[in-house]
Number of protein chains: 2
Amino acid sequence: MHLDPRRLAALRAVADAGGVLAAAKVLHLTPSAVSQHLARLEAETGVTLLDRSRADGRRAVGLTPAGRLLAEHAGRVAVVLAEAERDLAELTGQVTGRVVVAAFPTAMEHLVGPAAAAVHAGSPHVRVSVREFDPEPALAALRAGGVDLVITETYPDARPPGLGGTWLLDDGFRVVTPPDWGSGVEGALTRPWVSGSPGSAARVALDRLAARYDVVLRREHECLEFPAALALVSAGLAAAVVPGLAVPAELPAGVRVLEASALGARRIGVLHRAGRHEPNPAARQVLDAITARAARVTAGSGQRAR
Amino acid sequence: MHLDPRRLAALRAVADAGGVLAAAKVLHLTPSAVSQHLARLEAETGVTLLDRSRADGRRAVGLTPAGRLLAEHAGRVAVVLAEAERDLAELTGQVTGRVVVAAFPTAMEHLVGPAAAAVHAGSPHVRVSVREFDPEPALAALRAGGVDLVITETYPDARPPGLGGTWLLDDGFRVVTPPDWGSGVEGALTRPWVSGSPGSAARVALDRLAARYDVVLRREHECLEFPAALALVSAGLAAAVVPGLAVPAELPAGVRVLEASALGARRIGVLHRAGRHEPNPAARQVLDAITARAARVTAGSGQRAR
DNA sequence: ACTTATTACGCCGGTCGTAACTATG
DNA sequence: CATAGTTACGACCGGCGTAATAAGT
């Protein structure tokens, strides 16, 4: 008769939390799953572990002496496991592994690139591979395992099942125009515009702009990437809506940046598979580095905005 | 990053046994499974655990320092688990559970009945239910979980997949005749016989008898159970082939028992589901009691045969 | 060629969640 | 009727084995 550590953990949770429902909360499971673990543990050991007689006014189940004994041992197992984990982490920052990150160009420049450099400095055995991806294939690749982290410019409120993630920053949109196109955004409304790639957050923002002023814009150009759009602006050909991160720290000649808070922002976040064993340490390091980098970027852009 | 105890066990086995193949043998797994456990453990921890450079003439893989560290902790986990098991067994012979045993009448009388009594004496919380079953439905019920142990009179050489079992005893066949039917088996060949139930080992033995003497027997009667067959013999109506265990210790009047070693024996054994957690302790107790009982029966019949 | 280990792939069983049910205050 | 727990059932995932592959002696 082999004791299954996972079932023991369930028993311990019940002992600690004082009930099946409470244990389920702790373990991030449903009461059903916990109940089944306990039932099987009793069947496998051939010992009654739970006291189901709720005679003395208790609301939740109690443990029999044998149950308490096993729960105690379960605690020991958990301790040993935690020690192993700690010792391993202590022995070596030698975290190994390749982490594949899907990102769009602006994120590569401001987030992934610097984060990868930071990780590489601290953990030389972690290799970061960056791949440019369209949003939909990126999620598919994430689930399939070909990609470990996805930087998205449309971070969802409710995360997809099986995935976890972190919000990183809101990247506010700006209107950029040639400098001599009249005052403010209004002065550019009748001029040519650069549209973003279909489905992109920038394209949606441009739509919002048109709706806000109730005009139909002349979208004479379409650029997939922001540097190209800026180049058109710089050449005096068009105005464009671009996110703040796409605007270089030192403005190119012939480009004027206008605040347009009503345009909103793209919500940048990072997604990863969620599971008992994921994200793994290498991915976790990269993720943390990206998060840290996002915080710095937020601070920096805050200064620039004022 | 949560360490999975099962993977740790695999790592420990590799460390102890000195190689993936050796570990697989110890764990009753294929090398493939072990290799996959190790690969995943490395991915999940982000640490290289195996030294795959076989540069210095080693045949099998070695462990990195981190691997040895983890293997050591894995050993401690195993120790704690074993302690828990021991303590639990010590705290209580309070093994609980209903064990359903499928058997045929002779086995019920000589094996299951006494074994159940013995178990009940030592472990009052174990309830043994005995059910008579035809062989084929018994196996189906065993797999379905409706039955925990099956006593079979045709114990297979190669056990069915998913099942385990133990050989119990060989129950040699006898020829029983009325006392005044001439000398030996030959004297009965031209007389009427009782045939066993179709498919039963006794029927097969009777066929063997006919083939041995190259005669066609007059099978005028058919009895499903041996007491009925013996009653016919006792009444002077027929001869019969019955297993030794079906012959009462004190012979009924009008029954003569003849040795007929060439008839062979039925191989009696017990089958159960095999798995990480099966048979469970209650079933194991019953199984052990049955095995012990079989040994006593063998000894007893040995005396009686002489 | 033989041994050791890893990878590809399909199957099976285990585990989980949803939902219905029981029991108890 | 509200709360605690169990049971039935279906879906999904993880682990295992078979077989093919790699690499080294």
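Lettering of chains follows the sequences in order, A, B, ..., and the numbering in each one begins at 1. Reckoned from all heavy atoms, side chains included, excluding hydrogens, waters and symmetry mates.
Within 6.0 Å of NE2 on B:H277 lie more than 12 heavy atoms contributed by other residues, nucleotides or ligands. Atom CD of B:E72 is surrounded by 12 or fewer heavy atoms from other residues, nucleotides or ligands within 6.0 Å.
Nucleic acid contact for B:G19: sugar-phosphate only, since backbone atoms but no base atoms lie under 4.0 Å from a heavy atom of the residue. Residue contacts for B:R276: at a heavy-atom cut-off of 4.0 Å it reaches no nucleic acid atom on any strand shown.
Where B:P31 and B:H277 meet DNA chain C, the nucleotide closest to each residue was compared, and B:P31 sits on the side nearer the 5' end.
Regarding A:H28, its NE2 atom lies at a distance of 14 Å from the P atom of C:dC16, rounded to whole Å.
Distance from the side chain of B:R52 is smallest to C:dT6 among D:dG15, C:dT6, D:dG5. When distances run from any side-chain atom of B:L29 to the nucleotides D:dA4, D:dG17, C:dC16, the shortest one goes to D:dG17. Checked against C:dT18, D:dT18, C:dA5, the side chain of B:T30 finds its nearest nucleotide in D:dT18. Residue A:L21 has its side chain nearest to D:dG5 when only C:dT6, D:dC16, D:dG5 are considered. Which of D:dT7, C:dA5, D:dG5 sits closest to the side chain of A:Q36 comes down to D:dT7.
Between A:L41 and A:D4 there is no side-chain heavy-atom pair separated by less than 4.5 Å.
The stretch residues 2-12 of chain B touches DNA chain D through B:R6, B:R7, each having a heavy atom under 4.0 angstrom from the strand.
Annotation: salt bridge (Lys or Arg N to Asp or Glu O under 4.0 Å) contacts of B:R273 (sequence neighbours excluded): B:D148, B:E278.
Judged by distance alone with a 3.5 Å cut-off, a donor-acceptor contact links the side chain of A:S32 to the base of D:dT7.
Taking only side-chain nitrogens and oxygens, A:H37 never comes nearer than 4.0 Å to OP1 or OP2 of C:dG14.
A:R7 and A:H37 are linked by a side-chain donor-acceptor pair at a separation below 3.5 angstrom, with hydrogens and angles left out of the test.
Pairs engaging residues 122-147 of chain A under the salt bridge (Lys or Arg N to Asp or Glu O under 4.0 Å) rule: none recorded [sequence neighbours left out].
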